[in-house]
Amino acid sequence: MFNFDILSQYFLAIYFTMIAVHYSSVALGRKARTQQTQVHVGKALSASWWIRQTFNMFRSAILAICIARLLWDIDTQLGVIEVIYQPVTVYSGVILMLCSFFLVSFSHAYMQSEWRSGIDDDSQHPLLVSGPFKRTRNPIFKGVLLGQLGLFLTFPSLFTLVCLITGVTMICLQVRQEEIALEKSHGDVYIQYKQKTPRWL
């Protein structure tokens, strides 16, 4: 039988490396094409800024730790939860992370030139209410949450549990910030959309 521990190590290292390369290249490519930044972190020390910094810190830590697991035996130091670190758990996590990547990538592609990371106060964009946005107001964040759960299942540990709790908290806080901005920019149109479309499910 395939060693699920090896799967966990290599899958996570490759997955998060590819995520970093993919989204960095997309953001840079779109900026080169439009001459406008696609990533908006918010004003320094604002709520959105702190959320972004926290998210970036944990994202960097996850990538570094996943690569480090290939080089050194550090699972004990990361607080691996042996009782649930089993093949079925790891395989389930891998499937969730692949579903997460599909949902986020599909939503990004559906948004086309409307895609932004963070709150863009400098330009006005039409409100997307079709496609993946017809069933949930936050398909991208929903995919990220799915990926966070998948990370915990693929490598159940105290480290990934902290990442899961922090990730869920930061995303929920960011969703509130973005909904305030959308209501301000789109008014009644967004309010009606919010009443008809669930935030998550």
Worksheet entry | From CA spacing to verdict: side-chain contact (heavy atoms from CB on, under 4.5 Å), I81, F152 | CA-CA 10 Å; I81 306 174; F152 174 71; 4.1 Å; yes

May I ask you to list the residues sharing a hydrophobic cluster with [X], side-chain cutoff 4.5 Å, ordered by chain and number?
{"X": "I14", "answer": "M18"}
{"X": "V21", "answer": "none"}
{"X": "V88", "answer": "none"}

Side chain to side chain contact (heavy atoms under 4.5 Å, CB included) partners of [X], counting only residues at least two apart:
{"X": "L45", "result": "W49, W50"}
{"X": "S48", "result": "S46, I119, Q174, Q177"}
{"X": "A64", "result": "none"}
{"X": "L63", "result": "F16, T17, A20, I67"}

Worksheet entry | Verdict with supporting geometry, I191 and D188, side-chain contact (heavy atoms from CB on, under 4.5 Å) | CA-CA 5 Å; I191 293 174; D188 290 340; 4.0 Å; yes

Roughly how far, to the nearest 0.5 Å, is [atom2] of [Y] from [atom1] of [X]?
{"X": "F133", "Y": "Y193", "atom1": "CZ", "atom2": "OH", "answer": "6.5 Å"}
{"X": "L96", "Y": "L145", "atom1": "CG", "atom2": "CG", "answer": "12.0 Å"}
{"X": "E178", "Y": "I171", "atom1": "CD", "atom2": "CD1", "answer": "10.5 Å"}
{"X": "L173", "Y": "I51", "atom1": "CG", "atom2": "CD1", "answer": "5.0 Å"}
{"X": "L149", "Y": "M97", "atom1": "CG", "atom2": "CE", "answer": "10.0 Å"}

Worksheet entry | Contacts of type ring-ring contact (aromatic ring centres under 6.0 Å, His included), residue F55, not counting sequence neighbours | none

Discussion item. Is there a path of hydrophobic side-chain contacts, each under 4.5 Å between heavy atoms, that joins V90 and I84?
Written reply: yes

Worksheet item: If two hydrophobic side chains count as joined below 4.5 Å and joins carry through other members, does V189 share a cluster with L128?
Response: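 Yes; L128 is reachable from V189 via cluster members.
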
Worksheet item: Any salt bridge (charged side-chain N to carboxylate O under 4.0 Å, His left out) pairs touching residues 55-69, not counting sequence neighbours?
Response: D5-R69, R69-D75

Only distances under 3.5 Å count here; give the side-chain donor-acceptor pairs of residues 158-167 to other protein atoms, sequence neighbours excluded, each with its distance to 0.1 Å.
unit_1	atom_1	unit_2	atom_2	d
T160	OG1	F155	O	2.7
T160	OG1	S157	N	3.1
T160	OG1	S157	O	3.2
T160	OG1	S157	OG	3.1
T166	OG1	V162	O	2.8

Can you give me every donor-acceptor pair (side chain of residues 101-109, partner residue at least two apart or in another chain, under 3.5 Å) with its distance?
unit_1	atom_1	unit_2	atom_2	d
S105	OG	F101	O	2.8
S107	OG	L103	O	2.9
H108	NE2	W115	NE1	2.8

Fill in: Side chains of F58 and M170 in contact at under 4.5 Å (non-hydrogen atoms)
no

Item to complete: For the residue pair Y85 and T89, establish whether any side-chain heavy-atom pair is separated by less than 4.5 Å.
Response: no

Worksheet item: Does S8 use its side chain to pair, donor to acceptor, with the backbone of F4 at less than 3.5 Å?
Response: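 No, the answer is negative, given that no donor and acceptor are paired below the 3.5 Å cut-off.
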
Item to complete: List the steps, then state whether side-chain contact (heavy atoms from CB on, under 4.5 Å) holds for I62 with Y15.
Response: CA-CA 11 Å; I62 290 170; Y15 182 92; over 6 Å; no

Which atom pairs, one a donor and one an acceptor, fall under 3.5 Å between side chains of residues 137-144 and the rest of the protein, sequence neighbours left out?
unit_1	atom_1	unit_2	atom_2	d
R137	NE	E179	OE2	3.0
R137	NH1	K194	O	3.2
R137	NH1	T197	O	2.7
R137	NH2	E179	OE2	2.7
N138	ND2	R199	O	3.3
K142	NZ	W200	O	3.1

Response to the item:
Scanning both residues in full, the closest heavy-atom pair of A13 with L70 reads CB-CD1, 3.5 Å

